[in-house]
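One structure is given below, encoded as structure tokens.
Below, each value reflects all heavy atoms present in this structure, side chains not excepted, and no hydrogens, waters or symmetry copies.
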Amino acid sequence: MTSTAPKTAQKTAQIVREPSRKDAGKAARAAELRAANINPRTGLATDYLNHFNEAIMLLEMIPDMPDCAEDFLTWQPLSYREHFAASNFRARELAIAAYDSADPAIRGEFDGITSAMTSILTAVGAAMRQARQDKTRATLAEQATGWVKPLVTLAGGIINGQGIQSGHEADVDYIMTH
């Protein structure tokens, strides 16, 4: 009488030890994304936040150096794809492809936050163009910084796989209505 149990155990051990081609492909893709500073779980890169951090930096300088308002007014909103297409980011095509294939729910959360930041910065730019006094521009800059900085933090959380937690949603709602 021969037993098939040892052969079955051997096959099972081989299956467990040898990752499938699909798993190996996923692992290679994750390694490629990590090497390019793109979060493999979300498909998003923090490099895009530099676009908003640049605007924040300029806004923060306006109260002390009113001439920086002109520099802020040259800031132009860019979508995620536009940012990477125009950047020197070494893996820009990969960043765009990863974004395009990201989970739609994650990308939706992220796009909602970045859209809010873009709306705030665009509205503040329009208000600054109408303002004639440096003090008014400084006040606008300070308010905008207070609104946008927390949103950058939320966007960073989404990129890093933390998502928006319910308490943060209330913060976003508050920022958008004030």
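Put simply, the side chain of Asn160 does not reach to within 4.5 Å of the side chain of Thr42, judged on heavy atoms. Taking 4.5 Å as the limit, every side-chain heavy atom of Tyr48 sits out of range of all side-chain heavy atoms of Ile159. The side-chain heavy atoms of Ile120 and Met117, taken from C-beta on, include no pair separated by under 4.5 Å. Looking only at side-chain heavy atoms (C-beta outward), Val148 and Val152 come within less than 4.5 Å of each other. A heavy-atom distance below 4.5 Å is not found between the side chains of Ile62 and Glu142. Using a 4.5 Å heavy-atom threshold, the side chains of Phe72 and Val124 count as touching.
To the nearest 0.5 angstrom, Asp134 atom CG is 10.5 Å from Thr139 atom OG1. To the nearest 0.5 Å, the span separating CG on Leu44 from CG on Asn37 amounts to 13.5 Å. To the nearest 0.5 Å, atoms CD1 (Ile38) and CD1 (Ile96) are separated by 9.5 Å. Annotation: the span from Leu94 atom CG to Phe89 atom CZ amounts to 8.0 Å, rounded to 0.5 Å. Atom-to-atom distance recorded for His51:NE2 and Ile56:CD1 is 11.0 Å, nearest 0.5 angstrom. The CD atom of Glu54 lies 10.5 Å from the CG atom of Leu59; values are rounded to the nearest 0.5 Å.
Residue Tyr80 comes nearest to Gly43 through the heavy atom pair OH-O, 4.0 Å, listed as atom of the first residue, atom of the second, then distance. Taking both residues in full, the closest heavy atoms of Arg132 and Arg129 are given as NH1-O, 3.3 Å, listed atom of the first, atom of the second, then distance. The nearest pair of heavy atoms linking Pro40 to Leu33 is CA-CD1, 3.8 Å. Nearest heavy atom pair, residue Ala138 against residue Pro63, reads CB-CA, 3.8 Å. The shortest heavy-atom contact between Ile113 and Ala155 is CG2-CB, 3.9 Å. Listed here is the closest heavy atom pair of Arg107 and Ala102: NH1-O, 3.5 Å.
The cationic group of Arg81 does not satisfy the cation-pi geometry with Tyr99, failing either the under 6.0 Å distance to the six-membered ring centre or the 45° limit from the ring axis.
Ion pair Glu70/Arg137 flagged as a salt bridge, since at least one NZ, NE, NH1 or NH2 atom sits closer than 4.0 Å to an Asp/Glu carboxylate oxygen. Salt bridge Glu60/Lys149: present, at least one basic N to carboxylate O contact under 4.0 Å. Ion pairing of Arg41 with Asp103 is absent here, as no side-chain N (NZ or NE/NH1/NH2) approaches a carboxylate O to less than 4.0 Å.
In this structure, a donor-acceptor pair under 3.5 Å is present between the side chains of Asp47 and His83.
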Legend entry - From CA spacing to verdict: side-chain contact (heavy atoms from CB on, under 4.5 Å), Thr114, Phe52: CA-CA 9 Å; Thr114 59; Phe52 297 101; 4.1 Å; yes
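Here the side chain of Thr74 pairs a donor or acceptor atom with the backbone of Asp71 at under 3.5 angstrom. Under a 3.5 Å cut-off, the side chain of Glu32 and the backbone N or O of Arg29 do not form any donor-acceptor pair. Looking only at distances, no side-chain donor or acceptor of Ser115 sits under 3.5 Å from a matching main-chain atom of Gly112.
Both Trp147 and Trp75 are assigned to one and the same hydrophobic cluster, defined by single-linkage of ILVMFWY side chains at heavy-atom distances under 4.5 Å. Under the 4.5 Å side-chain heavy-atom criterion for Ile, Leu, Val, Met, Phe, Trp and Tyr, Met57 and Leu151 are members of the same hydrophobic cluster.
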